[in-house]
Amino acid sequence: DTGVSQDPRHKITKRGQNVTFRCDPISEHNRLYWYRQTLGQGPEFLTYFQNEAQLEKSRLLSDRFSAERPKGSFSTLEIQRTEQGDSAMYLCASSLDRGQAFFGQGTRLTVV
Amino acid sequence: TQLLEQSPQFLSIQEGENLTVYCNSSSVFSSLQWYRQEPGEGPVLLVTVVTGGEVKKLKRLTFQFGDARKDSSLHITAAQPGDTGLYLCAGGSTSGNTGKLIFGQGTTLQVKP
């Protein structure tokens, strides 16, 4: 399967813990996006990479959130000191330039 | 700020009925996409419309982009239980060259047999 891969699919963590999610985009795709989706809502844009450069961050991305794409391939999204409000589906998408974006299956985070 | 409003948010119908989902904005979008999402999965692209007034058909689904590229509709003919899911419209942001998508809130469709 050469689609966008996200790991883990599900994560349950205690409030205050740090969590890290990984996204492996489609191999030739230079653009990578992170979105957050709460139950019953549409995804909201968090951040965008072109190759290894993080070019845009949403105001939703507080300073507890950090994303990296060190070699322009896979990306990680870390949340420090998780809060219950961070519970959501975290979606990764990739595209070649401004072509069609393909989404991964997401990581469902539950903060208890 | 570009926003997309979808309506209705919830729709529960019987198999065989027709339905229309609307996606409206006061902003112009460079393109508009429709996605379908199953529970616990990521959105899957159904169609992209880019030209004002464009109509695209995908089997029993008909998509239309408004002339002014501010709104779109999805019409499903003779709905089937397999059409059940979350339908999302998303607009390509005209701000910068990021390619980020602005999503509507989604329409949860339940088709009962």
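Here is how names work: the chains are called A, B, and so on, in the same order as the sequence lines, proteins then strands, and each is numbered from 1.
The backbone N or O of B:T77 sits less than 3.5 Å from a side-chain atom of B:R60, completing a donor-acceptor pair. Using modelled atom types, no side-chain atom of B:H75 and backbone atom of B:V21 make a donor-acceptor pair closer than 3.5 Å. At least one donor-acceptor pair under 3.5 Å links the side chain of B:S25 to the backbone N or O of B:L3. At distances below 3.5 Å, not a single donor-acceptor pair connects side-chain atoms of B:K112 with backbone N or O atoms of B:S12. With hydrogens and angles ignored, the 3.5 Å screen pairs no side-chain donor or acceptor of B:Q33 with any backbone N or O of B:A90. At distances below 3.5 Å, at least one donor-acceptor pair connects side-chain atoms of B:Q6 with backbone N or O atoms of B:C89.
For B:S30, the part lying under 4.5 angstrom from a heavy atom of chain A is the side chain only. Interface remark: B:F10 contributes no atoms to any contact with chain A (heavy atom separation under 4.5 Å). Interface residue B:Q37: only side-chain heavy atoms are found under 4.5 Å from chain A. Both the backbone and the side chain of B:L101 have a heavy atom closer than 4.5 Å to some heavy atom of chain A.
Side-chain atoms of B:Y87 and B:L46, non-hydrogen and from C-beta on, do get closer than 4.5 Å to each other.
Residues B:F103 and B:L88 approach most closely at CD2-CB, 4.0 Å, considering heavy atoms. Listed here is the closest heavy atom pair of B:P43 and A:F103: O-CB, 3.6 Å. Annotation for A:L109 and A:D86: closest pair CD2-O, 3.6 Å, computed over non-hydrogen atoms.
Interface residues of residues 20-55 of chain A toward chain B, defined by a heavy-atom distance below 4.5 Å and sorted by number: A:R31, A:Y33, A:Y35, A:Q37, A:G40, A:Q41, A:G42, A:P43, A:F45, A:Y48. Contact annotation for residues 76-85 of chain A against chain B (heavy-atom separation below 4.5 Å): no residues qualify.
Around the NZ atom of B:K57, the shell of radius 6.0 Å holds no more than 12 heavy atoms that belong to other residues, nucleotides or ligands.
Considering only heavy-atom pairs separated by less than 4.5 Å from chain B, the leading option among A:R9, A:H10, A:R108 is A:R9.
Side-chain contact of B:Q80 with B:E15: a donor-acceptor pair under 3.5 Å is absent, judged by distance alone.
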